[in-house]
Structures are given as C-alpha cells and as structure tokens.
Amino acid sequence: MSRRKLESIQVLRGLAALMVVLVHIGVTEARYGANGYRWLDGFVTGNAGVDIFFVISGFIMIYTSSHRAGSVAESGRFLVKRVVRIYPTYWIYFFLVLAAWLIVPQWVNSSATQESNLLASFLLYPAEGYPLLLVAWTLEFEMVFYLLFTGALLVRERYVLPCILAVMVGLIAAGQIVRPESDAATVLMSPILSEFAVGCVLGYMHLRRTWKGGWFLAAAGALLLLLEIFGISWVSLAGLAGSPFDRSLSYGLAAILLVHGLVSVERESTIRFPRLALSIGMSSYSLYLSHVLVLSALGRIWQALGLDVLPNLVFVSLLLVAAVLWGLISFRWIEKPLVDGGRRLVRIGSETAQSRFAW
C-alpha cells in the first residue's frame with residue numbers, strides 16, 4: 001500500500017470549516033448588522049461543512065491507521081492519540097465558554113431550549129440538550145467513530161474495513177428498527193455514521209489505485225451544494241425529504257463527491273494549492289472551535305460602539321477575517337503546542353512503561 005501526504009484533504013478541511021463559519025456569520029449578521037442587504041441570511045447550506053469533516057474522518061482513519069491493526073497495543077495507542085488530538089484544544093474553549101456562562105449566562109446558547117449538561121459537554125458524551133460549546137455536537141459523533149474504529153483495529157489489517165462497515169451498518173439498521181430515545185443511543189445509531197463509513201471506503205479505494213475523473217466528481221459535488229443554496233435539492237425532488245437519511249443523501253453525497261473528486265485530482269495530476277488554503281486547512285480545528293466565540297464577541301462590540309450604521313458587507317467581511325485570523329493564531333499558539341506536548345507525554349509514558357517491563 002502506498003501512503004502519501006494529501007494536501008487536498010487539508011484544503012477540504014479548510015473549506016469545511018469556512019462553510020460552517022459562514023453559517024454562523026449569517027446568524028451574527030442577522031442579530032447585529034442593521035444597515036443594508038443581509039449577505040448571508042439563511043445560508044444553511046454551509047452546514048454541509050460538517051458532513052465534509054465526517055467523510056474526511058473516515059477517509060483519514062483508513063488511509064493512515066489500518067496498517068497499525070492487529071494488536072491491543074496499537075488499538076490503544078490509536079485511541080490515546082485521538083484523545084490527545086481532540087480534547088486539550090477543545091477543553092480550552094470549553095472552559096472559556098464555561099467562564100462566560102458563569103458570569104453572563106444569557107450570552108451562552110441563548111437560543112437553546114434546554115440547559116447543557118456540563119459533565120457531558122466536558123467529556124463529549126451525548127446527553128440531552130446541546131453541548132455548552134454549541135459546535136461540539138459534531139465532536140460527539142467523531143468520538144463515537146473513533147471508539148468504533150479503536151475496536152476495529154483489534155482485528156488483522158485485511159479485516160479492519162469489513163469490521164468497521166459491518167458494525168456501523170448494523171448500528172444504523174438497529175436505530176431504524178429500535179428508534180432509540182436516549183441521546184447517547186441516538187448518536188450511536190444515527191444515519192450520519194454512514195458518512196464516516198463511506199469515507200472509510202474512499203480511504204481504502206485511494207490506497208489501492210488512482211481514480212480518474214476527479215474534476216468531474218468534485219464539480220458534481222460542488223453543483224449539488226450550489227443547487228441546495230438556491231433551494232433545489234435532489235432529495236426533495238426524489239420525494240425522500242424528511243427521511244432519516246435526508247442529510248446523508250443531500251449534504252453527505254455532496255461531501256463524498258468533493259472528497260473523492262479532489263483527492264483524485266491531486267493523485268492523477270500535478271496541482272499546487274494556495275498556501276493560504278493549506279494554512280486554513282491546518283488551522284481548521286481551531287477555527288471550528290473558536291469561531292462562534294469570536295463572532296459573538298465582535299457582534300456585541302460592533303453594536304456597542306454604534307458601528308452598525310456601517311454597511312453589513314463591511315461587518316460580514318470583518319467577521320470572516322477575524323475568525324480566520326484567530327483560527328490561525330489559535331493553531332500556532334494553542335492547538336499545536338498542546339497536541340505536540342500531549343504526544344510527547346504519551347511517548348514518554350509509553351517508553352517508561354516498556355522499560356519497567358524490560359528484562
């Protein structure tokens with residue numbers, strides 16, 4: 001198997017994060033922008049960025065980790081690395097939101113109808129209501145997938161993909177039969193798991209051959225999203241709107257085409273991605289975690305200073321630049337040091353444990 005670093009994945013991560021940022025800029029614009037045309041009002045299609053993240057997660061796990069399968073040690077090492085990658089940076093922003101909630105509770109999740117479960121939010125465990133850090137609901141799905149993948153790594157490499165697919169398909173099918181009521185079971189059996197599953201299949205496919213027609217596939221995915229922006233959904237036209245698989249059939253399919261297509265383009269041709277796009281991709285996790293806080297703070301400052309007399313386009317542009325800039329700063333000075341430090345601690349701990357049992 002040939003494994004190579006894929007810049008297209010970084011670009012797609014950046015695109016996914018920016019799409020979600022634009023959704024929340026639209027919300028901030030509607031709340032605090034008071035002058036002129038609302039540029040991002042109702043831009044819900046940006047939520048498809050989450051589905052791109054989910055497909056990428058499945059792709060990357062198979063593409064980079066399946067060759068480490070077959071032992072309890074490797075399975076455990078994988079899970080520890082995922083925990084180090086996800087939790088430290090998340091906890092920084094969790095505690096920032098927690099501090100704001102303790103001081104001015106009406107500023108946090110003011111539109112939510114249920115109070116957040118603080119312990120569940122801290123641990124990224126699915127519970128009733130949204131997490132305290134609103135965007136963290138997607139991380140609950142990520143952690144479920146990582147736990148399932150950890151189990152799949154216990155088998156030999158050739159069986160990793162069949163194992164993870166069988167488990168996820170079984171869980172989704174069980175969810176359609178049982179119709180779980182608890183939040184944890186709902187996440188564990190959600191049709192959204194199908195996006196991780198297909199991402200795994202794409203990772204397996206791209207390990208074994210180069211696929212042609214990448215530009216066509218990527219363009220098809222982009223076209224599906226563009227049609228969604230204008231209110232045209234093939235899912236609705238096919239009479240499937242409102243089904244449990246609605247999101248996976250609309251946003252999920254577009255995400256699958258974009259990931260499959262852009263990775264294919266990179267592997268079948270020489271393409272250079274803009275440095276800024278790669279940088280935003282590298283900082284996408286920080287951008288995703290921090291942008292709601294940045295937008296909310298700037299919106300309140302904008303209104304308090306009476307700047308809402310300026311055109312909304314200025315406001316929207318400022319919000320976008322500020323969110324991206326802080327994402328880059330957060331990656332450089334918060335996320336990267338935390339992840340690097342965590343990995344060093346895990347490595348030292350692993351070496352110490354080995355030395356203790358050395359004969």
Side chain to side chain donor-acceptor pair (under 3.5 Å) partners of [X], counting only residues at least two apart:
X: Thr150; result: none
X: Thr45; result: none
X: Thr138; result: Tyr288
X: Ser190; result: none

With side chains defined as the heavy atoms from C-beta onward, is the minimum distance between [X] and [Y] less than 4.5 Å?
X: Trp234; Y: Leu249; result: yes
X: Trp326; Y: Ile329; result: yes
X: Leu139; Y: Tyr285; result: yes

Using the ring-ring contact (aromatic ring centres under 6.0 Å, His included) criterion, which residues pair with [X]? Sequence neighbours excluded.
X: Phe78; answer: Phe149
X: Trp302; answer: Phe315
X: Phe122; answer: Trp91, Phe94, Phe95

Would you list the pairs meeting ring pair (Phe, Tyr, Trp, His ring centres under 6.0 Å) in which at least one residue belongs to residues 9-45, sequence neighbours left out? His24-His291, Tyr37-Trp39
All pairs passing ring pair (Phe, Tyr, Trp, His ring centres under 6.0 Å) where residues 170-197 contributes a residue, at least two apart: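 Every ring pair (Phe, Tyr, Trp, His ring centres under 6.0 Å) pair that includes a residue of residues 170-197, provided the two are not neighbours, is Phe54-Phe196, Phe145-Phe196.
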Partners passing salt bridge (charged side-chain N to carboxylate O under 4.0 Å, His left out) against [X] (at least two apart in sequence or in another chain):
X: Lys336; answer: Asp340
X: Glu335; answer: Arg85
X: Arg247; answer: Asp51

Measure the spacing between CG of Leu154 and OH of Tyr159 and express it to the nearest 0.5 Å.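 OH of Tyr159 is found 15.0 Å from CG of Leu154.
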For the pair Ser330 and Tyr93, evaluate side chain to side chain contact (heavy atoms under 4.5 Å, CB included) and give the outcome as yes or no after the intermediate values. CA-CA 10 Å; Ser330 175; Tyr93 290 103; 2.6 Å; yes
